Amino acid sequence: MCGRYNIIPDTETWPREFSLSAGSVSRIDTMKPNYNVCPSADIPIVRYDPGSRQMELSLAHWGLVPSWSKQRSVAYRMINARAESAAEKPAYRESFRWRRCVIPANGFFEWERSTGSGSKQPYLVTLQAGTVFGFAGLWDCWKDPGDDGSLISCTILTTCANSLMQNIHDRMPVILARAHYSKWLDPVSRDSGALLRPYSSKRMRVSAVSPYVNNPRNNNARCIQTLEGQGIHG
DNA sequence: CCAGACGTTGTT
DNA sequence: GTCTGG
DNA sequence: CCAGACGTTGTT
DNA sequence: GTCTGG
């Protein structure tokens, strides 16, 4: 699954990676690195805007609140959606059909199935190339009955683990190849479920990091500092 | 008909 | 155990 | 995801 | 909103 990740906004690489509109490019400057992105954070998402026919970068609350939900608090259980079933689940199917997004990330954290003693061991998972990548995501819009505001929220799709990730966990977030972003974001493409596959083990890297990242209040480069000689290789 | 769920993960 | 906050 | 709270009364 | 269970 994916319950924690990191983002380093970059005006050099993001515009080309995500084919962003000019307005969206200027928005990158306002975003700060987040080494420890937690559920309920406001996170950058990339959506296709049919009006301008361009990719737009905006913010969404991590934890999808379905439009019909009575309570905002359901969000904490909606941080991930199973790619295998999201098209059918009441909470996700309208978003799966009409409201897809790509969620920029530089790496994500997974915790090893608790091995008994001590604190939970976190691992940082990145691309071998070290570059930014995009999760497959869904978003929705929820009107708060208590006030005038509406909330844009999102979730990250998960799939089965590849052989590398299998060492830690049996699920992993869906990482899209750059060439597949536009196909994923186009609601008209009906075979897009085929894109929701585990990313290639060969292009990923898993490194042990300090349990410092476990505490959601910690947010600095130490969160992504890998421990020497404690990687896992496929 | 109305009431209540609608989710994922991991652990047992 | 379960929910909230980060 | 993990960490931390989870309660009331009265006093500062 | 829509579906299931009673």
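Throughout, protein chains are lettered first and strands after them, A, B, ... in sequence-line order, and every chain is numbered starting at 1. It should be emphasised that the depicted structure is a prediction, and the values quoted were computed from it without experimental measurement.
- Contact annotation: A:Arg82 side-chain N/O to B:dT8 OP1/OP2 distance is not under 4.0 Å.
- A:Lys120 and A:Glu112 are not joined by a salt bridge, as no carboxylate oxygen comes within less than 4.0 angstrom of a charged side-chain nitrogen.
- A:Leu64 comes within 4.0 angstrom of nothing in the nucleic acid, heavy atoms only.
- A:Asn36 comes within 4.0 angstrom of nothing in the nucleic acid, heavy atoms only.
- Interatomic distance, CD1 of A:Ile28 versus CG of A:Leu20, reported as 5.5 Å (0.5 Å rounding).
- Ring orientation note: the planes of A:Tyr181 and A:Phe18 are close to parallel, at an angle under 30° on the 30°/60° scale.
- Within 4.0 Å (heavy atoms only), A:Ser67 reaches no atom of the nucleic acid at all.
- Stem analysis of DNA chain B (at least three stacked-register Watson-Crick or G-U pairs, each with both distances under 3.5 Å) gives B:1-6 with E:1-6.
- With A:Gln166 as the fixed residue, the side chain to side chain contact (heavy atoms under 4.5 Å, CB included) test singles out one of A:Asp170, A:Ile168, A:Asn162, A:Leu164: A:Asp170.
- C:dG5 and B:dG4 have their P atoms separated by 26 Å, given to the nearest Å.
- Using a 4.0 Å heavy-atom distance criterion, A:Arg72 is classed as making no nucleic acid contact.
- Taking atom P in both D:dC2 and B:dT12, the straight-line distance is 14 Å, to the nearest Å.
- Separation of the A:Phe133 and A:Trp14 ring centroids does not fall under the 6.0 Å cut-off.
- Grouping the Ile, Leu, Val, Met, Phe, Trp and Tyr side chains by contacts below 4.5 angstrom, directly or via other members, places A:Leu59 with A:Val37.
- Rounded to an integer number of Å, the gap from A:Asn34 CG to D:dC1 P is 18 Å.
- Rounded to whole Å, the distance from CZ on A:Phe108 to C1' on D:dC2 is 17 Å.
- The side chain of A:Tyr92 approaches B:dT8 more closely than any other nucleotide in the set B:dT8, B:dC6, D:dG4.
- Rounded to an integer number of Å, the gap from A:Phe96 CZ to E:dG1 P is 23 Å.
- Here D:dC1 presents its C1' atom at 15 Å from CD of A:Glu112, a figure rounded to the nearest Å.
- Separating the C1' atom of C:dT2 from that of B:dT8 is a span of 15 Å, rounded to the nearest Å.
- In this entry the distance linking CG of A:Leu157 with C1' of B:dT8 reads 12 Å, nearest Å.
- The line from NE2 of A:His180 to CZ of A:Arg197 is 12.5 Å long, rounded to the nearest 0.5 Å.
- With contacts defined as side-chain heavy-atom distances shorter than 4.5 Å, the pair A:Cys154/A:Leu64 does not qualify.
- Of the possible polar contacts, one joining the A:Asp140 side chain to the A:Ser67 backbone as a donor-acceptor pair under 3.5 Å is found.
- Annotation: B:dT11 and D:dA3 have their P atoms spaced 14 Å apart (nearest Å).
- Between A:Gln71 atom CD and B:dA5 atom C1' there is a gap of 13 Å when expressed in whole angstrom units.
- Remark on DNA chain B: of its neighbouring residues A:Arg171 and A:Ser69, the 5'-side contact belongs to A:Ser69, judged by nearest-heavy-atom nucleotide.
- For A:Tyr5 and A:Trp62, the ring centers sit closer than 6.0 Å to each other.
- The phosphate of B:dT8 has OP1 or OP2 within less than 4.0 Å of a side-chain N or O from A:Ser85.
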Using a cutoff of under 3.5 Å, can you pull out all pairs of nitrogen or oxygen atoms linking the protein to nucleotides 2-6 of chain C, with atom names and distances?
| unit_1 | atom_1 | unit_2 | atom_2 | d |
| --- | --- | --- | --- | --- |
| C:dC3 | OP2 | A:Tyr76 | OH | 3.3 |
| C:dG6 | N7 | A:Ser40 | OG | 3.0 |
| C:dG6 | O6 | A:Pro39 | O | 3.0 |

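- A straight line from OH of A:Tyr5 to C1' of D:dC2 spans 17 Å, rounded to a whole angstrom.
- In this structure, of D:dA3, B:dC6, B:dT8, it is B:dC6 that holds the atom nearest to the side chain of A:Ala91.
- Computed from coordinates, the A:Lys89 NZ to B:dT9 C1' distance equals 13 Å when rounded to whole Å.
- Atom CG in A:Leu176 sits 6.5 Å away from atom CG in A:Leu195 (nearest 0.5 Å).
- Comparing the C1' positions of B:dT9 and C:dG1 gives a spacing of 16 Å, expressed to the nearest Å.
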